[in-house]
Novice: 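Attaching a single structure in structure tokens format; questions to follow.
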There are 2 protein chains.
Amino acid sequence: MSNPIPGACAGVLLAVQSVAGAALPAKITPRCEQAAPGGWKTTLGTPEGLTLLRAAAVPPKVEGLRGMPAAPFPLDRNEVEGRLLRGKVALRFPLALDEEVFGLGVDFKSMRRTGSAFQLHVDHWGGRTGRTHAPVPFYISTKGYGVLIDSARYVSLNVGVSVRLAAKQKPPVVDRTTGDKKWSSMPRSDSLELLVPAEGVEVFVFAGPTPMDAVRRYNLYGGGGALPPKWGLGFMTRTPTAYSAQDALNEVLEFRKRGIPLDMLGLEPGWHDHAYPCSFEWDKGRFPDPAGFLADLQKQNVRANLWFNPYVSPTAPLYRDLLPYAGSHLVWNGIVPDYSMPAARKVFSDHLREKVVGLNPVALGGFKIDEVDGYDHWLWPDLAVFPSGHDAEQLRQTYGVLIQKLLVDLYREQNRRTLGQVRGTNGGTSSFPFVIYNDNYAFDEYITAVGNSAFAGVLWSPEVRGGEGEDMLRRTQAVCFSPLALFNGWATSTKLWSHPEVADPIRDAIRLRTRLLPYWYTTFAQYHYHGTPVVRPMPLLAGFDARGMQESGRLDATANPYAVGRAVEVKDQYMIGDALLVAPIAPGSKTRKVLLPAGKWFDFYTGRLVGESQTLEVTPPLSQTPVFVKDGGLVPMIGERQWAPGPDEVLALEVRHYGERPGTIALYDDDGETFDYEKGEHSWTRLEVARDGTGVWNGTVTPDPKGKPWRYSDVKWTFMTSQ
Amino acid sequence: MSNPIPGACAGVLLAVQSVAGAALPAKITPRCEQAAPGGWKTTLGTPEGLTLLRAAAVPPKVEGLRGMPAAPFPLDRNEVEGRLLRGKVALRFPLALDEEVFGLGVDFKSMRRTGSAFQLHVDHWGGRTGRTHAPVPFYISTKGYGVLIDSARYVSLNVGVSVRLAAKQKPPVVDRTTGDKKWSSMPRSDSLELLVPAEGVEVFVFAGPTPMDAVRRYNLYGGGGALPPKWGLGFMTRTPTAYSAQDALNEVLEFRKRGIPLDMLGLEPGWHDHAYPCSFEWDKGRFPDPAGFLADLQKQNVRANLWFNPYVSPTAPLYRDLLPYAGSHLVWNGIVPDYSMPAARKVFSDHLREKVVGLNPVALGGFKIDEVDGYDHWLWPDLAVFPSGHDAEQLRQTYGVLIQKLLVDLYREQNRRTLGQVRGTNGGTSSFPFVIYNDNYAFDEYITAVGNSAFAGVLWSPEVRGGEGEDMLRRTQAVCFSPLALFNGWATSTKLWSHPEVADPIRDAIRLRTRLLPYWYTTFAQYHYHGTPVVRPMPLLAGFDARGMQESGRLDATANPYAVGRAVEVKDQYMIGDALLVAPIAPGSKTRKVLLPAGKWFDFYTGRLVGESQTLEVTPPLSQTPVFVKDGGLVPMIGERQWAPGPDEVLALEVRHYGERPGTIALYDDDGETFDYEKGEHSWTRLEVARDGTGVWNGTVTPDPKGKPWRYSDVKWTFMTSQ
């Protein structure tokens, strides 16, 4: 890692102070440097060899960062404290009493972090504890900055709780017996404090000025957001676990027959000849001719996505080659290769290239990396040892990152983009084209996670896994407005068409998803090039007061003995891209509330004005997810089709305009499959709608001055509101 | 603290082995010694200055230990491994595949520990995570031994999960796709592995031969179980938080008027002139004359129990004196004194002696130590520092222990026994006369904890906190068959007599509790002198197969994607003492199942045979808790009274005999209030029932050969079964 830049500390970094009280921990002298425009890095103690950013090993997206405005260091450096405690690093950041914090990973219960303590730990989801599939140690403040703790350790944080004796701003001291109404079970502290159980750590501070800008800088520092292939934005179905090649192909044909778009076919454990632990060898019975099978898929314009968990079966040829790199403990009787070692990565990567991806890098589009998250009683214990010398905790926090990196590198060397799924990830992975999922099935928690993922620089998608008709429909509608639209039929005989009463609207939800491809693709390009999240939760939107409301609690000796209050959050709606506000309907609900931010909002389906700056009660038809377009919003769409367009296809484009104001969008395009866009093979075409001199709406197309081709023709302008 | 005894290691202690695989952690050489008959201590690395046993600082009960049989070291020393990992100690103990483990603190969900991972952490309850009010790092095996990890750290354990690559006994490797029925989501390991995040630790191994013997040795090593004063076995009521002295006295008089026994009156936060944080000063408005108030209580034969949390208010005179010992963080705006420092303990102890206990050490019977458990977002963070140099983690794990110790010492110097409540404790506290409680109100979890406490060498009691009539009745019945019988009315206006339809059976449940005083007191004496738990969960009973049954799981993509099976436990019934099997009825239930262990069992109320070695469906009247007496059981009782007998009272004794077999009991007695029993002022009187030559039942009393007086007369024998 780079040496400190002499002099760069002067204006920026962490001050080290001694702590009040008799105990005086060792002072530490941070080394610091400006890491990027509006981004600062400080080094405390001796950082470790395996951290999140080192595991991801992605260079910053320099052009994107240069495109951000200059900004001063966003914190009062006199208010930041660091110290070493018994081989750990303790840090204190100031937190104003009216400041709210988001992030710290993909929580499924809430977005607000202030008022809680966390220990970040890769795991299944564990509501508000810090245990989650993506416990990213990055937080964003409503004051417009972000902080990343680049550590592969279980970082503990207290966010606005635990008042210091030395605090300048102390909460009022209230006698609970007589002042019960004013008394608080959690007096608000003026700090965010954290403990990194390591001898050293690098900490990054990202400036704003807005919270969205801080998120963008974080994503760009991590390489820019993922840019999936176009087919990754279509629809995926996952087949039952023991399906054969013929079963799987029949499933594809059934989609084609029914006119349900399909781009990705997920094969579950049964493609291995041994699973849990895995062999990474095609099962000769179910898949006698893998290359032929992949060729059949390619003919159908469908990409295979292969499930695995990374624990290698003693029955597999791969086992022998990976055994020298195995950790001390097994998972489901399989060895746990130490993928922090380049030699181990090479063994696995070579195997996948030779036996799997190399068979057909076009049709074999990606992988689903399962079981890299938790629970503690399934994965290796913290006392496990690994041959690299990295310890169990570091491997736990980075295992999903290391495997994603391995696959990213494998596809890059083929010059093919991939889009996969992963169940455990961490910081520094914004650029990895993997979408997180889990076994949870609580709709509200799913939706919370869709939004929360934006604070963590990751992508998250709910799933449809069967169920009754209306339930499946509502879930399908929700996944179609999430980063990855999929049906996961691994353990059900139910199909998307099993319930005739909802078969049509399910198909239509998927068709709408694919019709919106230009909009989705541009939104992902914004993520990649500008760091702007695909899904934008309410607290990242300008004009939305993220601090929310606070309901006070009511004393109840049994149910609420501390009269704990509750923060009101708007976590069940979010924007996708610049124009669309999505408010998914939960299964079983006919109606819901939608909070419209400032400005006028228009119904996506009709173009009609629905309101502004207000809370709306909506009762959509069963066939619709409530979607609202901001005033002046442009939504580029294509016609109905069954799979994503190839690099040589030229499509007719419909551009819908909503509202009363003029609108503009820079529509992104490239070949949709390779990394040639990095060599300049891409375009940003300016679409603009304004009234002409007579007050009539007019649309204009301004090609990218760099002159790269775009793949649309016959632009049709639809003025949804003012037709 | 003792030095290793040369040569003592030879036959006993932990072997250190290197670990399979490429990573080779530093070997450690344990120092070891025989700590007691059937108890061994090994020292790994450099133990810390503050541990659980060092915080409790109770000498072992040597006579009790000497009374236990000699026993060989219960483990195969070649199968025990220890190593140092990056400043932590890792240990592996063998665990046979048919071996079951209990303990590791008071869990509220389950008793069986095998098949889970834990991190022991003082906290509110957190089902099966290791977070609990009493996360005692002691476990008991069905093979008849126990292991104590004497560490004030967050110890992590994997019990029978996480198979080692080097394991000799590996579970079968099953392909999940085709062998789903045989596949297990948690392959059973042959180990219990644990990680102590400290440079060193002392580990104690206690032999059996039975699991009960191992528990007894643990309790005796910790000083023997608590022996409360007799009045501590009566009934406690806690008054609403802002009650005045007069309100409280009126409450006592109401109990007397209604003939509901009462021994203890709990005063909640309102006795302080500032609470949350606390002042430890009597409120002049509500308690203008504390000494007079205590004298009034004494006249009513009632003892006060004073609530506090230990966080000292800046408004209090005590604050100034304790400030030099304060940790870096506040709790509810109060300082957290570092009670690992003798000087801090002295300040607090002096204050309590002068201002509180010293006013009337007879009437001021004890304290309720609140809020020493958790949550993380309420207490100090792990990065807090304390003036002793002990760290936040150590203080968190021992805070309740240190305060109990302070109070134990304070009462001992007055030669008065105490009985208190505490909400956070840990290992080494068997001898402390404090009963754990919490804010939970789930009846089944309460009952599970009553039994589970026995594995942890602690006492736990459910609470009654109001509610509807039948709910209050069932809860009252349950607390009356738990270590502490109390109504906690701190935040309700409901009284025990508020529901006329259940007022009589509530009163009768409490009366029965007090009538059983001789039985309870003898049971506690067994705990104190012999280490035998007061409450005896089923797995500690001879002839009960603690391994239980295993129900296999059924795959469900949404509800149970790993087809996780379920262990069937009998955790809703337990024995109290030698004779009584108690099966509490949950509120809302009219009927329940009872598992009768081997031997015949008789109804407590009627003496009738109910069955043997079978599962029974019982439907008791609303007025009764199902209680069963083992064949030959003797139950000594006294007549109805309103408070516990004083040291000079002589009472009529009724001894009930149940069943068809002869019976015997050593009935314990002493003055019930002081520590004079330690000077020999106590007696074990032998009561015996047998048939005479003509087949007629006869009872005989054999006085203690040491000739100490006992306080009973007019022994009446009641042959419940064979009258």
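A note on names: the letters A, B, ... follow the listed sequences, proteins ahead of strands, and every chain is numbered from 1.
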Novice: Please flag which part of B/Asp273 lies under 4.5 Å from any non-hydrogen atom of chain A: side chain, backbone, both or neither.
Specialist: backbone
Novice: Count the heavy-atom pairs under 4.5 Å between each of B/Ser189, B/Gly160, B/Gly466, B/Ala117 and chain A, then report the option with the highest count.
Specialist: B/Ala117
Novice: B/Arg396 pairs by salt bridge (Lys or Arg N to Asp or Glu O under 4.0 Å) with which of B/Asp382, B/Asp376, B/Asp391?
Specialist: B/Asp376
Novice: Using a strict threshold of under 4.0 Å (side-chain N to carboxylate O), is an ion pair present between B/Asp439 and B/Arg423?
Specialist: yes
Novice: If you count heavy-atom pairs under 4.5 Å between each of B/Glu371, B/Glu463, B/Glu268 and chain A, which one has the most?
Specialist: B/Glu371
Novice: Contact part of A/Asn440 toward chain B, heavy-atom cut-off under 4.5 Å: side chain, backbone, both or neither?
Specialist: neither
Novice: I need the A/Leu195 CG to A/Ser156 OG distance, nearest 0.5 Å.
Specialist: 5.5 Å
Novice: Angle between ring planes, A/Tyr375 versus A/His377, binned at 30° and 60°: parallel, tilted or perpendicular?
Specialist: parallel
Novice: For A/Leu323, is it the side chain, the backbone, both, or neither that has a heavy atom closer than 4.5 Å to a heavy atom of chain B?
Specialist: side chain
Novice: Looking at B/Thr315, B/Asn158, B/Leu157, B/Asp283, which has the largest count of heavy-atom pairs under 4.5 Å with chain A?
Specialist: B/Asn158
Novice: I'd like to check the ring-ring contact (aromatic ring centres under 6.0 Å, His included) partners of A/Tyr276; sequence neighbours left out, ordered by chain and number.
Specialist: A/Trp307, A/Trp332, B/Trp183
Novice: Pick one of side chain, backbone, both or neither for A/Pro314, based on which atoms fall under 4.5 Å of a heavy atom in chain B.
Specialist: side chain
Novice: Please classify the contact of A/Ser313 with chain B as side chain, backbone, both or neither, using a heavy-atom distance under 4.5 Å.
Specialist: side chain
Novice: List in chain and number order the residues that pass salt bridge (charged side-chain N to carboxylate O under 4.0 Å, His left out) with A/Arg128, two or more places apart in sequence or in another chain; answer none if no residue qualifies.
Specialist: none
Novice: Heavy-atom distances under 4.5 Å only: say whether A/Thr492 touches chain B with side chain, backbone, both or neither.
Specialist: neither
Novice: Does any non-hydrogen side-chain atom of B/Val161 lie less than 4.5 Å from one of B/Ser116?
Specialist: no
Novice: Could you tell me which portion of B/Pro187 (side chain, backbone, both or neither) has an atom closer than 4.5 angstrom to a non-hydrogen atom of chain A?
Specialist: side chain
Novice: What residue, out of B/Pro172, B/Gly87, B/Ala275, has the most heavy-atom pairs lying under 4.5 Å from chain A?
Specialist: B/Ala275
Novice: When you measure from the side chain of A/Arg286 to the backbone N and O of A/Gly270, does any donor-acceptor pair fall under 3.5 Å?
Specialist: yes
Novice: Please flag which part of A/Pro381 lies under 4.5 Å from any non-hydrogen atom of chain B: side chain, backbone, both or neither.
Specialist: both
Novice: Between A/Arg164, A/Arg86, A/Arg92, which shows the greatest number of heavy-atom pairs under 4.5 Å with chain B?
Specialist: A/Arg86
Novice: Please classify the contact of A/Leu330 with chain B as side chain, backbone, both or neither, using a heavy-atom distance under 4.5 Å.
Specialist: both
Novice: I'd like to know whether the aromatic ring centres of A/Phe386 and A/Trp380 sit less than 6.0 Å apart in this structure.
Specialist: yes
